[in-house]
A.B. asks: 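Below is the structure I would like to discuss, written out as structure tokens.
Source: prediction; values computed, not measured. In what follows, every chain begins at residue 1, and chains take the letters A, B, ... in the order their sequences are listed.
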2 protein chains.
Amino acid sequence: MGNQKLFKGSLQTIILKLLEENDKMYGYEITQKVKELTRGELNITEGALYPALHKLEAEGLLEVEVAKVGNRLRKYYKLTESGAKETVNKLAEMQEFLKTMQYLVNPKLSLE
Amino acid sequence: MGNQKLFKGSLQTIILKLLEENDKMYGYEITQKVKELTRGELNITEGALYPALHKLEAEGLLEVEVAKVGNRLRKYYKLTESGAKETVNKLAEMQEFLKTMQYLVNPKLSLE
DNA sequence: TTCAAATGCATAAGAAATTTATGTATATAT
DNA sequence: ATATATACATAAATTTCTTATGCATTTGAA
């Protein structure tokens, strides 16, 4: 770890991408999935995740469905129609960013 | 543009990388070089750049040499010894970040 | 059976990095 | 003349995240 700071600004995109793949997920599930996919390199904190989810919901990109599992609450999030569109945009921007950054820090490894 | 926010957290690394390649550069030159290298995609603002340079200097990673060109002031920055070491670390972290992020948003394009 | 760790949500205070807005001054091109 | 480019700088506001805290249920290990 140590480079968590580089992920600043990419949380929304990560959430949207996961929901594009998985139809619906709840908060805690997202943190675990990200930890798993990044082999522990990125640990999303609750203090970052929940406000981000609330913001995406407020913007109309996500919708919530509350479920009760056993005696415990879960809030499942899924993409709205406009959320799906915005996901495409954000992923394209991210792809562009990654390409640009790759070129900046290592022109030799950039295939363009 | 629009995705300027994704560059959040990577400014220090960009500066260090440029100074690794170019020996010495002054602030305005850095902004122009970055604009050129990214084909206008990343425009570093002065409000971000100068405080960043001052911080790197305060941390002992950069040293300054003031020059007078015509009637105008220029502050050339170059890597210190410890700055050169830190650059290697930061670039490795950036490379790791890019790989992880690429895998997250597009597993198919990730070659590992 | 009890107690720590995991699951699951949430918010508030503080920190860090950046944008936006200003300010100052010289040089160049129209 | 006058706008644009060059060249530095800082302050206020904003965004995004970390750290700290709080509450409650479930599971696993001692």
A.B. asks: Please report, rounded to the nearest Å, how far the C1' atom of C:dA10 is from the CG atom of A:L53.
C.D. replies: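 Rounded to whole Å, this separation is 12 Å.
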A.B. asks: Check whether any side-chain nitrogen or oxygen of A:H54 sits under 4.0 Å from OP1 or OP2 of C:dC9, and answer yes or no.
C.D. replies: no
A.B. asks: Classify the side-chain pair A:E41/B:T100 by whether it contains a donor and acceptor separated by less than 3.5 Å.
C.D. replies: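 Present: a donor and an acceptor within the cut-off.
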A.B. asks: Atom CD of residue position B:E21 - does it have more than 12 heavy atoms of other residues, nucleotides or ligands inside 6.0 Å?
C.D. replies: yes
A.B. asks: To the nearest angstrom, how far is A:L49 atom CG from D:dA20 atom P?
C.D. replies: 19 Å
A.B. asks: Look at the side chain of A:K8 against the base of D:dT16 and say whether a donor-acceptor pair falls under 3.5 Å; ignore hydrogens and angles.
C.D. replies: yes
A.B. asks: Heavy atoms under 4.0 Å, any strand shown: does B:K55 hit a base, just sugar-phosphate, or nothing?
C.D. replies: sugar-phosphate
A.B. asks: Given atom OH of A:Y77 and atom C1' of C:dG8, what is their separation to the nearest angstrom?
C.D. replies: 11 Å
A.B. asks: Sugar-phosphate atoms are those with a prime plus P, OP1 and OP2; base atoms are the rest. Using that split, label each nucleotide of nucleotides 21-30 of chain C B, S or - for protein heavy atoms under 4.0 Å, 5' to 3'.
C.D. replies: -----BS---
A.B. asks: Using a cut-off of less than 4.0 Å, is there contact between a side-chain N or O of B:T45 and OP1 or OP2 of C:dT19?
C.D. replies: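 Yes, B:T45 has a side-chain N/O under 4.0 Å of OP1/OP2 on C:dT19.
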A.B. asks: Can you find a side chain N or O atom of A:K5 that sits less than 4.0 Å from OP1 or OP2 on C:dA17?
C.D. replies: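 For C:dA17, OP1 or OP2 has a side-chain N or O of A:K5 closer than 4.0 Å.
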A.B. asks: How many whole angstroms separate atom CD1 of A:I44 from atom C1' of D:dT19?
C.D. replies: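 About 16 Å, once rounded to whole Å.
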A.B. asks: Calculate the interatomic distance between A:R74 atom CZ and C:dA6 atom P; express it in whole Å.
C.D. replies: 17 Å
A.B. asks: Can you give me the closest heavy-atom contact between A:I44 and A:T31, atom names plus distance?
C.D. replies: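 Looks like O-CG2, 3.8 Å.
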A.B. asks: What integer distance in Å separates B:L6:CG from D:dT15:P?
C.D. replies: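 Whole-Å distance recorded here is 16 Å.
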A.B. asks: Are the side chains of B:L79 and B:L61 in touch, meaning some heavy atoms are under 4.5 Å apart?
C.D. replies: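 No, every pair of side-chain atoms sits at 4.5 Å or beyond.
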A.B. asks: Think B:Y26 has a side-chain N or O under 4.0 angstrom from the OP1 or OP2 of D:dA7?
C.D. replies: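 So the side chain of B:Y26 is within the cut-off, an N or O lying under 4.0 Å from OP1 or OP2 of D:dA7.
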A.B. asks: Tell me, please, which residues at least two apart from B:N89 pass side chain to side chain contact (heavy atoms under 4.5 Å, CB included).
C.D. replies: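 In terms of side chain to side chain contact (heavy atoms under 4.5 Å, CB included), with neighbours along the sequence ignored, B:N89 is linked to B:E86.
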A.B. asks: Are the charged groups of A:E93 and A:K90 less than 4.0 angstrom apart, N to O?
C.D. replies: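 A salt bridge is absent here (no side-chain N lies under 4.0 Å from a carboxylate O).
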A.B. asks: Report yes if at least one side-chain N or O of B:Y50 is closer than 4.0 Å to OP1 or OP2 of D:dA9; otherwise report no.
C.D. replies: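 Result: no.
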A.B. asks: Counting N and O atoms only, with roles assigned by atom type, does the side chain of A:N22 sit under 3.5 Å from a partner on the main chain of A:L18, one being a donor and the other an acceptor?
C.D. replies: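 Yes, because the side chain of A:N22 sits within donor-acceptor range (under 3.5 Å) of the backbone of A:L18.
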A.B. asks: Please report, rounded to the nearest Å, how far the C1' atom of C:dC9 is from the CD atom of A:E57.
C.D. replies: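 It works out to 14 Å between those atoms.
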A.B. asks: Once you round it to whole Å, what is the distance between C1' of D:dT15 and CD of B:Q4?
C.D. replies: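 Going from CD in B:Q4 over to C1' in D:dT15 covers 14 Å.
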